[in-house]
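These notes concern the structure reproduced below.
Index from 1, following the sequence.
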Amino acid sequence: MDMNILPIIIIGIILIALAILFTFIPVALWISAIAAGVKVNIFTLIGMRLRRVIPSRVINPLIKAHKAGINVTTNQLESHYLAGGNVDRVVNALIASHRANIELPFERGAAIDLAGRDVLEAVQMSVNPEVIETPFISGIAMDGIEVKAKARITVRANIDRLVGGAGEETIIARVGEGVVSTIGSANTHAQVLENPDSISHTVLAKGLDAGTAFEILSIDIADVDIGKNIGAILQTDQAEADKNIAQAKAEERRAMAVALEQEMVARTQEMRAKVVEAEADVPLALAEALRTGNMGVMDYMNYRNISADTEMRDTIGKLSEDNDDNNQ
């Protein structure tokens, strides 16, 4: 091997070793921390590498917190990072709460972040309250008129109840329930239209923010509209139902009357059949009477004359009835 190439190879090996060393050991980050006044041991940074922690995700927020006067340690930030939290967001929230004079310990901020809530947004909402607008909420006054109201809820985040507290959906649901209850207790819809602030006062007095992550500052009724006359609609529907029931009962009675009429017609035909059957026995009885001598020939002739007179009178009576009908 040429002796002139050997120094070049050695220098190359040294440069590669230094590159690997500076890649594994964040010397530049360590220098930045020292320059910012944060005392960080170089072996601590090596330990972060071994624990699969990105040093910049811990050291940069630590420098930021130190400059803002927030007392946090490397172990706290590293443990929060290992737990899956957002270290930078928690430190930003601590700085914001410190500037706004809101008490927020690191443990609580870390717990809020691990719970899935945006701790920085919560702190900002504590400083600058948020307005939640509900959709139109319908209620029925005692006079049956539907009243629709839209409310604006001014809320402020409650840092103490962010972990385990209910969200905006619960606030909207509770306010909606209070609005419906207040409208329903009004004697007339005119009372609601004249004093819409009575809704907000009544709802606000119920303490609807209990168990939520917010503190309700005010409830303002933004809009009130009149809907349908529900009472009249219900009465109309009830009248229609009563009419249908009455028609069904009348149809039932008519069907029963028709059935009874048909039954009487059948019974009349039955009785007529019995009369015809009885009349058929008359000639036989007459023949038997003549044969046994119980009736004479003259008696039979008198019977025939009476029958002929009866038939003639019936015929004359029918003709008279037909003439009267034609004259009318």
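- Counting only heavy atoms from C-beta outward, the side chains of V72 and L62 approach each other to under 4.5 Å.
- A pairwise comparison of heavy atoms in I172 and P135 identifies CG2-CD, 4.4 Å as the closest pair.
- At least one donor-acceptor pair under 3.5 Å links the side chain of S97 to the backbone N or O of A93.
- Within a 6.0 Å sphere centred on CZ of R117, other residues, nucleotides and ligands contribute more than 12 heavy atoms.
- The shortest distance between side-chain heavy atoms of F136 and D223 falls below 4.5 Å.
- Counting heavy-atom neighbours within 6.0 Å of K148 NZ, excluding the residue itself, gives a total of 12 or less.
- Taking a cutoff of 4.0 Å between a charged side-chain nitrogen and a carboxylate oxygen, E240 and K243 qualify as a salt bridge.
- Side chain of Q269 to main chain of V265: no donor-acceptor pair is present (N/O by atom type, distance under 3.5 Å, no hydrogens or angles).
- Scanning all heavy atoms of the two residues, the minimum distance from L77 to P61 falls at CD1-C, 4.4 Å.
- Of the charged side-chain nitrogens involved, none lies within less than 4.0 Å of a carboxylate oxygen, so that R174 and E177 do not count as a salt-bridged pair.
- Under the 4.5 Å side-chain criterion, counting only non-hydrogen atoms from C-beta, V119 is in contact with R89.
- Inter-residue side-chain proximity for L217 and P129 is flagged as met; some heavy-atom pair is nearer than 4.5 Å.
- Between M256 atom CE and E263 atom CD the span is 10.5 Å, to the nearest 0.5 Å.
- Looking only at distances, no side-chain donor or acceptor of E121 sits under 3.5 Å from a matching main-chain atom of D118.
- Checking side-chain atoms of S200 against main-chain N and O of D220 turns up no donor-acceptor pair under 3.5 Å.
- E130 is not listed as a side-chain neighbour of R156, based on a closest heavy-atom distance of 4.5 Å or more.
- In terms of the side-chain hydrogen bond (donor to acceptor under 3.5 Å, both in side chains) criterion, residue partners of R51 (sequence neighbours excluded) are, by chain and number, E78.
- Scanning all heavy atoms of the two residues, the minimum distance from G37 to H66 falls at O-NE2, 3.5 Å.
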Exercise for the section: Go through V91 and I70 one step at a time and tell me if the side-chain contact (heavy atoms from CB on, under 4.5 Å) criterion holds. Expected result: CA-CA 9 Å; V91 170; I70 307 297; over 6 Å; no

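- Counting heavy atoms from C-beta on, the side chains of T268 and R272 come closer than 4.5 Å.
- The structure places CZ of R267 at 14.0 Å from CD of Q262, a figure rounded to the nearest 0.5 Å.
- Separating the OG1 atom in T236 from the CG atom in N229 is a distance of 8.5 Å, to the nearest 0.5 Å.
- Ion pairing of D225 with K150 is absent here, as no side-chain N (NZ or NE/NH1/NH2) approaches a carboxylate O to less than 4.0 Å.
- Tracing side-chain contacts under 4.5 Å through hydrophobic residues (I, L, V, M, F, W, Y), one never reaches L234 starting from M142; they form parts of separate clusters.
- Taken to the nearest 0.5 Å, the CG atom of D197 stands 9.0 Å off from the CD1 atom of I221.
- Taking all atoms of both residues into account, the shortest heavy-atom contact from V90 to A110 is CG1-N, 4.2 Å.
- In the hydrophobic clustering of this structure, V131 does not group with F214; members are Ile, Leu, Val, Met, Phe, Trp, Tyr whose side-chain heavy atoms approach within less than 4.5 Å, directly or through other members.
- Between A151 and I219 the shortest heavy-atom distance is CB-CG2, 4.3 Å.
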Exercise for the section: Give the intermediate values and the outcome of side-chain hydrogen bond (donor to acceptor under 3.5 Å, both in side chains) for residues Q238 and D242. Expected result: CA-CA 6 Å; Q238 184 63 44; D242 293 341; 3.1 Å; yes

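- No more than 12 heavy-atom neighbours from other residues, nucleotides or ligands sit within 6.0 angstrom of CG on N71.
- Side-chain atoms of N60 come within 3.5 Å of backbone atoms of S56 as a donor-acceptor pair (strictly under, hydrogens ignored).
- The backbone N or O of G227 lies less than 3.5 Å from no partner atom in the side chain of E146, so there is not a single donor-acceptor pair.
- Proximity of a side-chain donor or acceptor of T182 to a complementary backbone N or O of G178 within less than 3.5 Å is detected.
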Exercise for the section: Please test R152 against I132 for side-chain contact (heavy atoms from CB on, under 4.5 Å), starting from the C-alpha separation and ending with a verdict. Expected result: CA-CA 6 Å; R152 286 192 177 95; I132 304 173; over 6 Å; no

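- Surrounding CD of E133 are more than 12 heavy atoms belonging to other residues, nucleotides or ligands, all under 6.0 Å away.
- For the pair W30 (side chain) and V40 (backbone), a donor-acceptor distance under 3.5 Å is present.
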Problem - Steps toward side-chain contact (heavy atoms from CB on, under 4.5 Å) verdict (E168, V155) - result: CA-CA 9 Å; E168 294 183 5; V155 297; 5.9 Å; no

Problem - Stepwise side-chain contact (heavy atoms from CB on, under 4.5 Å) check, D88 with R57 - result: CA-CA 7 Å; D88 192 62; R57 299 286 181 86; over 6 Å; no

Practice task
Please step through side-chain hydrogen bond (donor to acceptor under 3.5 Å, both in side chains) for the pair T170 and T212, ending with a clear verdict.
Solution key: CA-CA 8 Å; T170 302; T212 66; over 6 Å; no

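- Under the 4.5 Å side-chain heavy-atom criterion for grouping Ile, Leu, Val, Met, Phe, Trp and Tyr, I226 is connected to I183 within one hydrophobic cluster.
- Counting all heavy atoms, side chain and backbone alike, I137 lies closest to G176 at CD1-CA, 3.4 Å.
- L114 and L120 sit in two unconnected hydrophobic clusters of ILVMFWY residues. Membership requires side-chain heavy atoms under 4.5 Å apart, directly or through other members.
- Proximity of a side-chain donor or acceptor of D113 to a complementary backbone N or O of V87 within less than 3.5 Å is not detected.
- Around CD of Q247, the count of heavy atoms belonging to other residues, nucleotides or ligands within 6.0 Å exceeds 12.
- Distance check, rounded to the nearest 0.5 Å: CD1 of I233 to CD of Q235 gives 11.0 Å.
- Under a cut-off of 6.0 angstrom, the local environment of CG in N101 is sparse, with at most 12 non-hydrogen atoms contributed by other residues, nucleotides or ligands.
- At distances below 3.5 Å, at least one donor-acceptor pair connects side-chain atoms of S126 with backbone N or O atoms of A157.
- A heavy-atom distance below 4.5 Å is not found between the side chains of I145 and T188.
- Residues V180 and V203 fall within the same hydrophobic cluster, defined by Ile, Leu, Val, Met, Phe, Trp and Tyr side chains chained together at heavy-atom separations under 4.5 Å.
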Problem - Step-by-step salt bridge (charged side-chain N to carboxylate O under 4.0 Å, His left out) determination, K249 to E252 - result: CA-CA 5 Å; K249 291 182 178 179; E252 181 182 0; over 6 Å; no

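- Counting heavy atoms from C-beta on, the side chains of I112 and I159 come closer than 4.5 Å.
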